[in-house]
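A note on names: the letters A, B, ... follow the listed sequences, proteins ahead of strands, and every chain is numbered from 1.
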There are 2 protein chains.
Amino acid sequence: MSEKLFVSAQEVAERAGVSRSAVSRTFTPGASVSTETRRKVLEAAEALGYHVNELARGLMRNESGIVCLIVSDVATPYRSALLRELTLLLQNAGKVAMLINTDRSDGSVDRALRQAIRYRADASIMLSGMPDKSIAQLCLRSGQRLVLINRDDEQPGPLRINLDDDEAAGRVVTAFVRAGCRKLAFANSEAGTPSLMARERGFVAAANALGIKVSVERHGWTGYEAGKVLAQRMLTRTERPDAVFCATDLLACGFMDAARHQFSMSVPDQLCIAGFDDIEQASWSSYDLTTFAQPVSAIASKAVEWLSQPQPQPQNDDTICAQSIRLHAELVWRGSIRGG
Amino acid sequence: MSEKLFVSAQEVAERAGVSRSAVSRTFTPGASVSTETRRKVLEAAEALGYHVNELARGLMRNESGIVCLIVSDVATPYRSALLRELTLLLQNAGKVAMLINTDRSDGSVDRALRQAIRYRADASIMLSGMPDKSIAQLCLRSGQRLVLINRDDEQPGPLRINLDDDEAAGRVVTAFVRAGCRKLAFANSEAGTPSLMARERGFVAAANALGIKVSVERHGWTGYEAGKVLAQRMLTRTERPDAVFCATDLLACGFMDAARHQFSMSVPDQLCIAGFDDIEQASWSSYDLTTFAQPVSAIASKAVEWLSQPQPQPQNDDTICAQSIRLHAELVWRGSIRGG
DNA sequence: CCCGCATTTGCACGCGCTTGCAGTGTCGAA
DNA sequence: TTCGACACTGCAAGCGCGTGCAAATGCGGG
């Protein structure tokens with residue numbers, strides 16, 4: 001039955017005529033082995049098809065090399081793009097990604113996380129999403145390093161990566177105004193995550209500063225369908241907006257489709273639209289959406305970089321390194337806003 | 001420095017006043033422990049915040065509970081949808097997903113896979129993509145179980161999950177003909193994966209059986225841009241097709257956008273289009289694409305189901321269970337083909 | 001009261017690996 | 001020649017856990 005599938009360092013040692021320690025050291029960067037011994041070991045290892053058992057190694061070293069990616073809505077364009085970048089970089093850094101899907105909220109999230117703790121993951125990266133800050137707590141208490149992307153929990157310890165959502169929102173107001181729009185609207189979801197709300201606040205504030213009032217509507221999640229519903233609500237009013245900033249590209253796509261196909265409005269002639277994320281679909285010619293680009297690869301590389309650094313002194317004085325990085329969201333100008 | 005982060009079974013045992021074996025058995029389903037002992041152990045474990053060390057357990061049991069997902073183009077809608085489903089189901093089955101991204105072809109793939117082997121993954125699921133069958137070999141040789149999705153390697157051992165691509169392609173011919181189309185075309189990528197080629201063969205064969213010739217064009221990968229290029233090639237000819245079957249929804253979206261915006265053609269009046277995968281965007285009203293649905297959740301559940309079964313006798317006689325599952329791709333009828 | 005049986009429990013070993021420590025060999029300087 | 005410095009190497013302990021085996025315990029019948 002369990003018929004000895006893997007070769008162990010012991011066997012490699014025997015074949016190479018050296019001690020088991022020599023084998024171990026050969027595969028430990030920075031250990032002291034002579035070139036000759038190393039050669040013999042590598043040869044034997046190759047011949048036998050030896051692979052270091054990372055489970056045993058992790059057991060000794062007390063670090064597994066596993067980074068777990070905690071994510072909801074994996075199938076969403078922005079989320080999956082970030083996921084792609086992160087896995088790639090982690091691999092290059094010699095780490096390995098464990099995926100925790102938090103879509104179902106029926107306690108399986110908690111179960112999955114505990115699962116990750118059981119594997120002694122060195123770190124967790126939370127790609128935004130669910131507000132469960134207890135999860136973050138659990139990660140930290142089990143000695144993991146934590147990276148929070150687009151979340152704003154005021155907890156010490158983790159690295160927080162955020163965007164300049166509010167300033168970005170201000171810039172889109174300028175663009176709308178320059179295009180001659182005066183009846184601005186903001187289409188948001190009910191998710192209420194910090195970055196979404198920051199965009200809303202920034203937009204409203206910048207417009208108000210110019211003496212322009214903004215009609216705000218919130219509905220559903222950040223998906224396409226919600227965008228359609230928002231359009232139905234906002235475009236059936238007596239006074240239609242002539243420019244709408246959608247908190248998300250998916251919302252924008254839904255909004256635009258409804259505006260065009262259900263209300264026969266022309267974009268950008270009768271309605272200017274802007275989104276946020278710069279998902280692939282934003283560049284498709286049916287949408288040609290002006291939007292803010294999530295600096296996906298910058299986010300990923302900052303995160304992985306931070307994780308690759310040696311543990312920053314885990315002292316318990318009050319200057320706990322509450323690292324926070326703020327990245328810039330570049331406006332990608334396309335055809336959904338007049339004039340460019 | 002390494003200040004004892006995790007509690008061990010030993011400590012739990014001491015607090016509960018039992019032996020370490022008792023603790024171990026408490027967390028091993030099916031082991032023999034009295035209710036009283038179990039209660040004491042669970043209580044102590046809870047108080048101490050004990051989590052089984054899955055690394056050590058895997059070392060003993062010689063199975064890690066890790067399933068690795070080998071995937072390229074994670075950010076692609078179909079791929080990420082499948083990923084979502086798989087991770088969810090794996091979690092429910094008490095397993096954990098390790099993600100291997102094979103986008104870069106510069107040997108990092110190989111490195112990542114070896115990484116996975118080092119973690120003694122119990123199984124791998126290859127979500128189609130790259131043709132490197134040597135990778136599959138490596139998985140099998142290291143004792144993993146293997147699931148191949150939408151690939152057709154004729155190797156024994158793995159579970160193969162495929163679709164009825166050729167029959168599906170036949171059904172779309174019928175639909176086109178019924179819509180009054182006679183100049184059929186097939187837009188494919190150059191990737192040449194088995195399922196893509198099966199769709200092409202099936203389409204051409206079914207059309208030929210009706211005495212209709214098909215113009216076939218292949219270009220690039222299976223993305224949106226390739227679809228646009230294909231449209232540019234096929235629609236600049238003197239004799240334009242009046243119906244095109246795209247091997248992929250992304251191709252179809254690109255094709256449709258080019259047809260409408262660059263060639264001012266009306267879909268479906270002047271051109272009927274069908275795709276394959278039923279990605280979310282296919283249902284967006286700008287596309288409203290008739291397409292075949294990948295039975296994503298069926299695929300995922302078949303895969304996880306198979307992995308959850310006890311190892312099917314690993315005998316070495318010639319009746320190696322070369323399991324193969326063929327699923328049905330349902331035609332989702334929308335507005336990109338006339339008459340419904 | 002004793003004995004056979006079934007259920008629990010503890011002991012001790014080993015999974016495959018890292019690593020501190022002591023031992024071997026080599027070499028140049030004194 | 002002697003000696004310290006140095007580069008390797010092997011030994012053995014131990015990481016946290018599962019599990020076979022034997023001892024312990026409980027129980028009912030004789």
Practice problem: Find the distance B:Glu63:CD to D:dG18:C1' and express it as a whole number of Å. | Solution: 12 Å
Short heteroatom pairs, N/O only, protein and nucleotides 9-14 of chain D, under 3.5 Å:
unit_1: D:dT9; atom_1: OP1; unit_2: A:Ser34; atom_2: OG; d: 2.9
unit_1: D:dT9; atom_1: OP1; unit_2: A:Thr37; atom_2: OG1; d: 2.1
unit_1: D:dT9; atom_1: OP2; unit_2: A:Ser34; atom_2: N; d: 3.0
unit_1: D:dT9; atom_1: OP2; unit_2: A:Thr37; atom_2: OG1; d: 3.2
unit_1: D:dG10; atom_1: OP2; unit_2: A:Ser19; atom_2: N; d: 2.9
unit_1: D:dG10; atom_1: OP2; unit_2: A:Ser19; atom_2: OG; d: 2.8
unit_1: D:dG10; atom_1: N7; unit_2: A:Arg25; atom_2: NH2; d: 2.8
unit_1: D:dG10; atom_1: O6; unit_2: A:Arg25; atom_2: NH2; d: 2.7
unit_1: D:dC11; atom_1: N4; unit_2: A:Ser21; atom_2: OG; d: 3.0

Quiz prompt | Value in whole Å for how far the C1' atom of D:dG16 lies from CG of B:Leu48 | solution = 15 Å
Quiz item: Nearest-Å distance, CD (B:Gln10) to C1' (D:dC15)?
Solution: 13 Å
Quiz item: In terms of side-chain geometry, is the basic nitrogen of B:Arg15 or B:Glu11 positioned less than 4.0 Å from the acidic oxygen of its partner?
Solution: no
Exercise. Using distance alone, with no hydrogens and no angle criterion, decide if B:Ser34 and B:Thr37 have a side-chain donor and acceptor under 3.5 Å apart.
Key: yes
Quiz prompt | Pairs touching residues 32-68 of chain B that satisfy ring pair (Phe, Tyr, Trp, His ring centres under 6.0 Å), sequence neighbours left out | solution = B:Phe27-B:Tyr50
Practice problem: Decide if atom NZ of A:Lys40 counts as having more than 12 heavy atoms of other residues, nucleotides or ligands within a radius under 6.0 Å. | Solution: yes
Quiz item: Hey, does the side chain of B:Arg57 come within less than 4.0 Å of D:dC17's phosphate (OP1/OP2), counting only N and O?
Solution: no
Practice problem: Look at atom CD of B:Glu46 and say whether more than 12 heavy atoms of other residues, nucleotides or ligands are closer to it than 6.0 Å. | Solution: no
Quiz prompt | Value in whole Å for how far the P atom of C:dC17 lies from CZ of A:Phe27 | solution = 9 Å
Quiz item: Nearest-Å distance, CZ (A:Arg120) to P (C:dT18)?
Solution: 19 Å
Quiz item: Is the phosphate of C:dC17, meaning OP1 or OP2, less than 4.0 Å from a side-chain N or O of A:Tyr50?
Solution: yes
Quiz item: Does the side chain of A:Ser297 come under 3.5 Å of the side chain of A:Glu85 through a donor N or O and an acceptor N or O?
Solution: no
Quiz prompt | Whole-Å gap separating P (D:dG16) and OH (A:Tyr119) | solution = 18 Å
Self-check item: Nearest-angstrom distance from the residue atom CD of B:Glu54 to C1' of D:dG18
Solution: 12 Å
Practice problem: Nearest whole angstrom, please: distance from the P of D:dC15 to the CG of A:Leu59. | Solution: 9 Å
